[in-house]
Amino acid sequence: MNVLIAGQPVHHRTVTFDADRNAVRLIEQRRLPHQFRIVTTPDYRATARAIGEMIVRGAGAIGATAAYGLAQGARAFRGRDRKRFREAVKRTFQVIHAARPTAVDPLNAMTEVLAAMRPGETVEEQQALALAAAEEFAHRNVLECQAIGRHGARLIKPGMRILTHCNAGWLAFVDYGSATAPLYAAHARGRRFHVYCDETRPRSQGATLTAWELAQEGISHEIIVDNAAGHLMQRGEIDLVIVGSDRILGRTGEVANKIGTYTKAVLAARHGIPFYVAAPFSTLDWKLKSGRHIPIEERAPDEVLGAWGVSTTPGRRPPRPRRSSPAIYVRVANPTSTARNPGFDVTPPELITGIITPAGICRPGELPKR
Ligand code: MRU
């Protein structure tokens, strides 16, 4: 999507690969919306760290990053010994896979890269196949998000007020996004509507990333605190909910997504508001039999106990930001308390009106197998 740089739109993808330097290029999402910056990860361990530290986040974006990271690790291998090469690739896979557990896209993406490497007879051939497969994954991610936009746009009627949670926008994918793709497609067709962005504590992806994306595109929106949705629904001020997903179980139709999604689904059902989930095929998990088996990431307590932001006090110099982030961290909670921080929850299929896939909109239990 386009980023306004000095007032001019410049096209950017969230994740790309620099083959000459064997490096992954990422938009530094922890700096947004205050600063737009691209970072490169010089080796697969740095790529895995970028996923774990949420420089790049969102299921599709970490899927593409993982695919590139695996190709990066494979391409860094020197020599012709295929056994040692296989071991190096396996190590790379494991390190990247351990970075974040809930989204299935990285696992699906790396499995695809490994399968594509198999026909290669030499190390060199396999290295080339790995990169081609990673590029193919990223490219397909873009096309699938565009298709989600085409199918989902028909749900968006002029004047609607739409709630979204967290960021399932282009920053969470390679481009376009899942939950936001129908919004972008409808907006491009001249439809006018209003979006409520859930703030999405503790990392505030809605307040920072989704709001920034919508502002860049000139789409009418407001940020609400996570607890405001019930009130707005009760007053008839929300017509539709669209969220993304980190893992959808093909067998059951259960949807793992950012913590708070389940709450919004319960509220939407209570108020008879359609609740849609948008996702590409890489988010489908056909192995797990129950949502209870989905690994739910538990993140650090400091995300709950405080917040990151920039100082807006005129004339006051903010404390020096840490080198890793322009924002300052402010402790909000009682100093002697600690916190519990599950990053995701699981919404059962009976609360979901439909899943917007690249092949069309379907019921959660009728997902197309690809
Ligand atoms: O922790 P994050 O920011 O990586 O989580 C991302 C989400 O849960 C998103 O909201 C999204 O719906 C899934 S990613 C497309």
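Order of appearance sets the numbers: ligands from 1, and atoms from 1 within every ligand.
For atom 2 (P) of ligand 1, the candidate residues are Arg203, Arg100, Gln29, Arg299; the nearest heavy-atom contact is made by Arg100.
The two residues Glu303 and Pro202 have their closest heavy-atom pair at O-CB, 3.1 Å. Closest non-hydrogen pair, Cys197 versus Leu214, comes out as SG-CD1, 3.7 Å.
Of all atoms in ligand 1, numbered sequentially from 1 with element shown, those under 4.0 Å from a heavy atom of Gly58 are 4 (O), 14 (S). Of all the atoms in ligand 1, the ones that sit under 4.0 Å from a non-hydrogen atom of Phe173 are 15 (C). Every atom of ligand 1 with a heavy atom of Gln205 under 4.0 Å away is listed here by number and element: 1 (O), 2 (P), 3 (O). Short contacts between ligand 1 and Phe344, defined as distances under 4.0 Å to a heavy atom of the residue, involve ligand atoms 1 (O), 5 (O), 8 (O). Ligand-side atoms of ligand 1 in range of Gly244: 12 (O), range being under 4.0 angstrom from any heavy atom.
At the top of the distance list for atom 13 (C) of ligand 1, counting protein heavy atoms only, stands Asp246 OD1, 3.2 Å. Counting only heavy atoms of the protein, atom 14 (S) of ligand 1 lies nearest to Ala59 N, 2.9 Å. Nearest protein neighbour of atom 11 (C) of ligand 1, counting heavy atoms only, is Asn257 OD1, 3.2 Å. Nearest protein neighbour of atom 6 (C) of ligand 1, counting heavy atoms only, is Arg57 NH2, 3.6 Å. Nearest non-hydrogen protein atom to atom 5 (O) of ligand 1 is Lys258 CE, 3.3 Å.
The shortest separation from a heavy atom of Met54 to ligand 1 is under 4.0 Å, placing the residue in contact. The shortest separation from a heavy atom of Asn167 to ligand 1 is under 4.0 Å, placing the residue in contact. The shortest heavy-atom distance from Ser245 to ligand 1 is under 4.0 Å.
Remark: ligand 1 and Ser178 share no N or O pair separated by less than 3.5 Å (distance only, no angle test).
The side chain to side chain contact (heavy atoms under 4.5 Å, CB included) test applied to Asp20 returns Asp18, not counting sequence neighbours. Looking at residues two or more places apart in sequence or on another chain, you find a side chain to side chain contact (heavy atoms under 4.5 Å, CB included) between Lys369 and Trp286.
The side-chain contact (heavy atoms from CB on, under 4.5 Å) test with Ile242 is passed by exactly one of Val277, Leu163, Thr180, Ile156: Ile156.
Atom-to-atom distance recorded for Phe281:CZ and Asn141:CG is 12.0 Å, nearest 0.5 angstrom.
The number of heavy-atom neighbours closer than 6.0 Å to CZ of Arg82, taken from other residues, nucleotides and ligands shown, is above 12.
Geometric assessment of Arg203 against the ring of Trp308 yields a positive cation-pi assignment under the 6.0 Å and 45° thresholds.
Using bins of under 30°, 30° to 60° and over 60° for the plane-to-plane angle, the ring pair Phe193/His187 lands in the perpendicular bin. Using cut-offs of 30° and 60° for the angle between ring planes, the Phe93 and His97 rings count as tilted.
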